[in-house]
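Counting starts at 1 for both ligands and their atoms, in listed order.
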Amino acid sequence: MKETGKKRSIKIEEGQTFPLSIKRLGINGEGVGYFKRQVVFVPGALPGEEVLVEATKIQPKFAEGKVKKIRKQSPFRVKPPCPIYEECGGCQLQHLAYEQQLKEKRDIVIQSLERHTKLQLHKLDIRKTIGMDEPWNYRNKSQFQVGQQKNGQVIAGLYGLDSHRLIPIQNCMVQHDLTNKVSEGVRQILEDLQIPIYDERKRKGIVRTIVTRAGFSSGEVQVVLITTQKEVPRKKLLMAEIQERLPEVTSLVQNINGNKTSLIFGEKTIHLRGEEVIQETLGDLSFELSARAFFQLNPIQTVKLYDEVKEAAGLTGKEKIADAYCGVGTIGMWLASGASEVRGMDTIESAIIDANENARKHGILNATYVTGTAEHWLPKWVNEGWRPDVIVVDPPRTGCDKKLLDAIIQVKPKKFVYVSCNPSTLAKDIDYLSKDYQVEYIQPVDMFPHTAHVEAVAKLVKK
Ligand SMILES: C[S@@+](CC[C@H](N)C(=O)[O-])C[C@H]1O[C@@H](n2cnc3c(N)ncnc32)[C@H](O)[C@@H]1O
């Protein structure tokens, strides 16, 4: 909830109640309005609504509030279909009609450009957000923490918004059915076999998290049980029960994390039963996913996103492409058949091993991937005389490193394709490049319906 601008002292007091007109959605899906020229963030309020707000938190540059009463309701407000929507906090926009979510996400991109660039927005081609026909059950992976109630009942779910209370989740509406079925099945088996569950406060017990990932195309499911130690009482029985009761589980893995940490995975991974990997396909490419391998969470929209990248790259077969922040190399492989050469880099060594292995397996001989930062490798390649014609970047939320942007300005590829998961850093990076590049268009793609997450593909061309 950041707001740029001059530092002002806030005149609102905690507990104060006041009327507010909601002007727009903020980047966390909250309603944003202004009271006495101070910005106020109100979770759950929608653009166009008139609400009575109680200030809950006062910060030097903004205030936060909660809705006491909606005086004028948005015509796009809907009843959230998920019964635990408000407690869970995993989704932020279920109370807004899906078509309107898509419009608001486009609007968030426009507002970021307004705030961080000097571009003439009326001249810019910012396209309609590409949504999903069926915007439910799209996530291929769930990571549910486990806990135990006093009566021995095992629960699995997510920690609630702003609290450390575990919210039981049995049928998450954005998770694929297979992950829901298997998480619930494993939870029941842990309860039936009285396997010791980890208690975070007492730092006692064994099973911490149930991770499930489904291959949409294969129907295979991998389960990773995250435990505090290798030994688990009745472990053989546990494996046998999972195999018998949940035949869709084709891969069973244990990961050990005995640390006091909010990170889910620990260092050590042990293969228990079935295959070590599950199979998944994106378009014509197939992937073997091991327990730790990064993979996009919404395979249906990933295909649309990558097709947009391909469209923006506009390849003729002759281009050299840099695939910066490449992960397991999926974007580069999507483009390789239309290019002369692809080089990619990522800081995670295991992702690069997977990327090179994936390219080899698909017989893609013109793509190579190296471990290290994009800001190190691109200038190095350029100094060695390798000048890409197209650069694709897909950075984390923090955006591109300035050294990388400087190297892009130096190389001046004809086309620069920016895949962004954060409109603010996208806008700031576009602004940095604006002397040398102009935006041809921006195409938002909805990767996570019902959440505040906004993804976009920007095509920039040399001036
Ligand atoms: C949004 S993911 C992109 C994943 C990939 N392009 C895909 O479509 O699956 C961002 C990636 O950037 C990597 N990363 C973070 N900082 C980096 C840096 N300075 N240089 C290169 N890669 C970096 C992360 O390891 C992560 O894989």
Side-chain angles (χ1 to χ4, degrees), residues 130 138-141 213 215-216 263 265 280-283 285-290 292-313 321-336 342-359 362 364 367-382 388 390-408 416-426 429 432 443-448 451 453-458:
I130 299 176
Y138 58 80
R139 277 182 69 106
N140 58 8
K141 185 178 181 181
R213 176 150 66 181
F216 281 24
L263 291 180
F265 278 84
E280 179 61 302
T281 54
L282 288 180
L285 302 174
S286 60
F287 296 92
E288 294 186 341
L289 307 180
S290 59
R292 300 300 309 271
F294 170 83
F295 198 71
Q296 293 274 353
L297 293 169
N298 181 341
I300 296 165
Q301 290 303 86
T302 298
V303 169
K304 296 184 194 168
L305 182 78
Y306 289 178
D307 279 345
E308 284 302 319
V309 175
K310 196 173 200 170
E311 172 83 26
I321 302 178
D323 175 12
Y325 308 89
C326 65
V328 288
T330 34
I331 292 183
M333 278 181 255
W334 208 257
L335 304 180
V342 175
R343 290 188 187 185
M345 68 303 243
D346 197 285
T347 43
I348 296 182
E349 192 179 6
S350 61
I352 292 301
I353 293 171
D354 283 354
N356 284 312
E357 176 57 24
N358 283 334
H362 288 100
I364 298 173
T368 48
Y369 299 92
V370 289
T371 307
T373 65
E375 54 275 22
H376 166 77
W377 279 105
L378 187 69
K380 184 168 163 28
W381 289 336
V382 174
V390 179
I391 296 181
V392 180
V393 298
D394 184 8
R397 289 186 62 78
T398 44
C400 293
D401 191 279
K402 291 284 174 290
K403 274 193 231 145
L404 177 73
L405 296 178
D406 289 337
I408 291 169
F416 174 49
V417 184
Y418 194 133
V419 184
S420 160
C421 57
N422 182 349
S424 300
T425 50
L426 170 68
D429 291 346
Y432 195 82
Q443 176 62 69
V445 180
D446 192 21
M447 298 298 285
F448 298 100
T451 75
H453 188 100
V454 182
E455 190 100 6
V457 176

Peer 1: Any atom of ligand 1 sitting under 4.0 Å from a heavy atom of Pro396?
Peer 2: yes
Peer 1: Counting each atom of ligand 1 from 1 as listed, which ones have a heavy atom of Gly372 under 4.0 Å away?
Peer 2: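 Taking each heavy atom of Gly372 in turn, ligand 1 has 21 (C) under 4.0 Å.
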Peer 1: Say whether, by atom type as modelled, one donor and one acceptor occur between the side chain of Asp354 and the main chain of Val328 under 3.5 angstrom.
Peer 2: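 Not at all, since once roles are kept as given, no pair shorter than 3.5 Å links the two residues.
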Peer 1: Is the closest heavy atom of Gly329 to ligand 1 under 4.0 Å?
Peer 2: no
Peer 1: So do Arg343 and Asp323 actually touch side chain to side chain, heavy atoms under 4.5 Å?
Peer 2: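 No, their side chains stay 4.5 Å or more apart.
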Peer 1: Do any N/O atoms on Glu375 end up under 3.5 angstrom from N/O atoms on ligand 1?
Peer 2: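 Indeed, backbone or side chain, Glu375 has an N or O that close.
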Peer 1: Is Phe295 touching ligand 1 with its side chain, its backbone, both, or neither, if touching means heavy atoms under 4.0 Å apart?
Peer 2: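 The answer is neither.
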Peer 1: So, His362 side chain and Leu285 main chain: donor-acceptor pair closer than 3.5 Å or not?
Peer 2: no
Peer 1: Is any N or O atom of Met345, backbone or side chain, closer than 3.5 Å to an N or O atom of ligand 1?
Peer 2: no
Peer 1: Report the part of Tyr306 in contact with ligand 1, treating N, CA, C, O as backbone and CB onward as side chain, heavy atoms under 4.0 Å; options are side chain, backbone, both, neither.
Peer 2: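 Within the 4.0 Å criterion, Tyr306 contacts ligand 1 through side-chain atoms alone.
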Peer 1: Is it the case that the side chain of Glu280 and the backbone of Phe216 share a donor-acceptor pair, with hydrogens and angles ignored and the cut-off at 3.5 Å?
Peer 2: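 Indeed, once roles are kept as given, a pair shorter than 3.5 Å links the two residues.
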Peer 1: Fit a plane to each ring of Trp377 and Trp381, take the angle between them on a 0 to 90° scale, and name the class: parallel (under 30°), tilted (30 to 60°) or perpendicular (over 60°).
Peer 2: tilted
Peer 1: For atom 26 (C) of ligand 1, tell me which residue out of Asp346, Val309, Thr347 has the closest non-hydrogen atom.
Peer 2: Asp346
Peer 1: Which ligand 1 atoms, with their elements, are less than 4.0 angstrom from a heavy-atom of Cys326?
Peer 2: 5 (C), 6 (N)
Peer 1: When rounded to the nearest 0.5 angstrom, what is the spacing between CD1 in Ile300 and CG in Leu305?
Peer 2: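 Atom-to-atom, Ile300:CD1 and Leu305:CG are 14.0 Å apart.
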Peer 1: What protein heavy atom sits nearest atom 23 (C) of ligand 1, and how far away is it?
Peer 2: Tyr325 CD2, 3.3 Å
Peer 1: Under 4.0 Å from any heavy atom of Thr330, which atoms of ligand 1 are there?
Peer 2: 7 (C), 8 (O), 9 (O)
Peer 1: Going by heavy atoms in the side chains, are Val393 and Val417 under 4.5 Å from each other?
Peer 2: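 They are not in side-chain contact.
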Peer 1: From atom 3 (C) of ligand 1, work out which of Leu378, Ile348, Asp394 has a heavy atom at the shortest distance.
Peer 2: Asp394
Peer 1: Ignoring hydrogens and geometry beyond distance, is a side-chain donor-acceptor pair present between Tyr418 and Asp429 at under 3.5 Å?
Peer 2: yes
Peer 1: Identify the closest protein heavy atom to atom 20 (N) of ligand 1: which residue and atom is it, and at what distance?
Peer 2: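 So the nearest neighbour among protein heavy atoms is Ala374 N, 2.9 Å.
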Peer 1: What atoms of ligand 1 come within less than 4.0 Å of a heavy atom belonging to Gln296?
Peer 2: 7 (C), 8 (O), 9 (O)
Peer 1: Do Ile408 and Leu378 come close enough that some side-chain heavy atom pair is under 4.5 Å?
Peer 2: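 Yes, at least one pair of side-chain atoms sits under 4.5 Å.
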